[in-house]
Number of protein chains: 2
Amino acid sequence: MSETLAQQAYKDLKQRILEGTIKTGDLLTERTLAIESGISRTPLRAAISRLQKEGVVSRLTNGTLMVLPVTVEQLLEIVQVRRLMEGAAAARAAERPMTTALNQSRQIMQAYVEGKDVAFDSFWMDDDAFHEAVAEAADLHLLPAMLREMRSIARRCTITRTHDRFAEQAAEHIAVIDAIEARDPAAAVAAMEAHFDSVRSRFLGWLARP
Amino acid sequence: MSETLAQQAYKDLKQRILEGTIKTGDLLTERTLAIESGISRTPLRAAISRLQKEGVVSRLTNGTLMVLPVTVEQLLEIVQVRRLMEGAAAARAAERPMTTALNQSRQIMQAYVEGKDVAFDSFWMDDDAFHEAVAEAADLHLLPAMLREMRSIARRCTITRTHDRFAEQAAEHIAVIDAIEARDPAAAVAAMEAHFDSVRSRFLGWLARP
DNA sequence: TAGTTGACATACAGTTGGTATACTGAAATA
DNA sequence: TATTTCAGTATACCAACTGTATGTCAACTA
């Protein structure tokens with residue numbers, strides 16, 4: 001089952017944006033992108049249409065294509081929504097068997113607590129794995145895709161990248177996993193909510209810096 | 001001494017942006033604006049160039065003209081800078097004779113404390129008058145122009161317009177004026193700083209709302 | 001096999017910004 | 001006073017872009 005040119009272009013473009021090779025606020029032109037991809041504008045436009053629907057790129061009123069900046073307001077809203085959703089997911093996960101993915105995530109997080117130092121994108125992937133493991137342990141099948149969507153937005157916000165207290169975040173993740181393992185839903189939701197409260201106050205603290 | 005067409009266009013455009021008739025994020029086209037103003041593109045471009053220098057509009061990389069959005073980060077920075085500058089101005093003003101403008105501003109602010117209700121733009125002008133009166137009472141001749149610049153930026157940020165506790169702000173203004181009248185520099189700077197701290201925490205509180 | 005559909009390539013029209021050129025009136029200069 | 005210069009302005013031209021239309025081809029279905 002081969003991918004269409006449009007699908008390939010979509011994946012390629014999205015990856016470049018998530019990696020930061022193409023930056024939020026950058027303007028794109030269909031012809032240039034089409035030439036770079038070795039395809040014509042038609043499938044390229046289909047790929048762009050899809051990215052538009054996901055809020056990754058936006059057409060300005062004159063048709064110009066821009067990689068959509070993500071505002072602080074949007075970022076804070078995502079933190080709030082995820083706090084609700086992932087808190088509930090952690091409580092559900094605590095009522096179900098412990099998973100291999102959660103165990104693996106805990107080991108990875110332990111390394112950060114002990115001082116492991118990596119680039120933002122590496123930590124982001126381990127962070128991805130943690131949140132995905134919780135959602136899957138909760139048997140919530142729509143949640144992983146929703147998380148991916150929201151996390152892809154958050155990743156594009158410039159403040160997110162100022163966020164470098166990996167050891168603290170790792171410790172918060174471990175607290176969630178421990179509560180899930182202990183089959184304590186109340187502790188699990190509290191730990192997950194504390195994690196997001198902590199994320200939020202870091203963002204606000206960055207904003208409020210003198 | 002008559003104004004050039006470029007100067008007229010500049011003033012008109014800027015006013016429309018400050019009033020919110022043209023919104024931040026809007027795209028502008030030279031031809032449309034020129035036709036609306038009844039002039040050719042050439043003086044219109046001179047007006048735009050001036051607005052560009054002031055950070056009111058921006059050229060995207062493809063030449064598209066956009067009314068520059070003002071981010072929350074910029075707004076908070078302006079609040080910080082003004083806290084420093086206007087705190088110092090209030091202290092200086094407290095070492096100088098009380099002025100008519102400060103007395104007038106106090107009366108106007110008293111009406112707000114007593115419940116006067118107006119639209120944002122009306123309050124904004126009274127707010128302008130207060131801050132300008134303090135700067136002039138401080139004999140700081142460069143400060144008013146700098147304030148106008150920063151306030152014109154702040155005015156264009158969408159959060160600024162969510163700010164509707166006029167009575168509270170008016171009471172803070174009165175505290176500054178009272179301290180100036182009492183010739184108490186320490187109290188004046190403290191009152192002005194408290195005012196900006198209050199403004200800042202309102203913005204942050206709006207951001208942090210659940 | 002003929003018809004339909006999805007994917008794709010290419011062409012065309014309209015709009016925009018950038019830039020060049022021409023014009024005009026006022027001020028300066030010889 | 002006549003001429004020149006300069007600032008301000010109007011207009012024309014070109015390249016580049018998006019939106020849309022049209023044509024082609026391969027795969028699928030009846």
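Just so it is clear: chains get the letters A, B, ... in the order the sequence lines come, proteins before strands, and each one is counted from 1.
- Straight-line distance from the CG atom of Leu65(A) to the P atom of dA16(D): 19 Å, rounded to whole Å.
- Heavy atoms of Leu5(B) sit under 4.0 angstrom from primed sugar atoms or phosphate atoms, though from no base atom.
- Between Gln52(B) atom CD and dG17(C) atom P the separation is 12 Å, expressed in whole Å.
- Looking at every heavy atom in both residues, Asp139(A) comes nearest to Arg92(A) through O-NH2, 3.6 Å.
- One interatomic measurement links the two molecules: CZ of Arg59(B) to P of dG17(C), which rounds to 6 Å at whole-angstrom precision.
- Side chain to side chain, Glu172(B) and Ser198(B) meet the donor-acceptor criterion of an N or O pair below 3.5 Å.
- Counting any heavy atom pair closer than 4.0 Å across all strands shown, Leu28(A) reaches sugar-phosphate atoms only and no base atom.
- The listed nucleotides are dG17(C), dA7(C), dA9(C); the one nearest the side chain of Arg31(B) is dG17(C).
- Atoms CE (Met66(A)) and P (dT18(D)) sit 13 Å apart, rounded to a whole Å.
- One interatomic measurement links the two molecules: CD of Glu30(A) to P of dT10(C), which rounds to 15 Å at whole-angstrom precision.
- When the side-chain nitrogen and oxygen atoms of Thr42(B) are compared with OP1 and OP2 of dT9(D), none of them lie within a distance under 4.0 Å.
- Checking Asn62(A) against Thr64(B) by side-chain atom types alone, a donor-acceptor pair falls below 3.5 Å.
- Contact annotation: Arg45(A) side-chain N/O to dG19(D) OP1/OP2 distance is under 4.0 Å.
- Of the listed nucleotides (dA9(C), dT18(D), dA7(C)), dA7(C) has the atom at the smallest distance from the side chain of Thr4(A).
- Atom CG of Leu33(B) is separated from atom P of dT16(C) by 11 Å (rounded to the nearest Å).
- For the pair Arg41(B) and Ala6(B), nearest-nucleotide mapping onto DNA chain D gives the more 5' position to Ala6(B).
- Donor-acceptor pairing under 3.5 Å is lacking for the side chains of Arg50(B) and Gln7(B).
- At whole-Å resolution of the value, CD1 in Ile48(B) and C1' in dG8(D) are 16 Å apart.
- Two residues are said to be in side-chain contact when any heavy atoms from C-beta on lie closer than 4.5 Å; Gln52(A) and Ile48(A) meet this criterion.
- If you measure from atom CG of Asn62(B) to atom C1' of dG17(C), you get 9 Å, rounded to the nearest angstrom.
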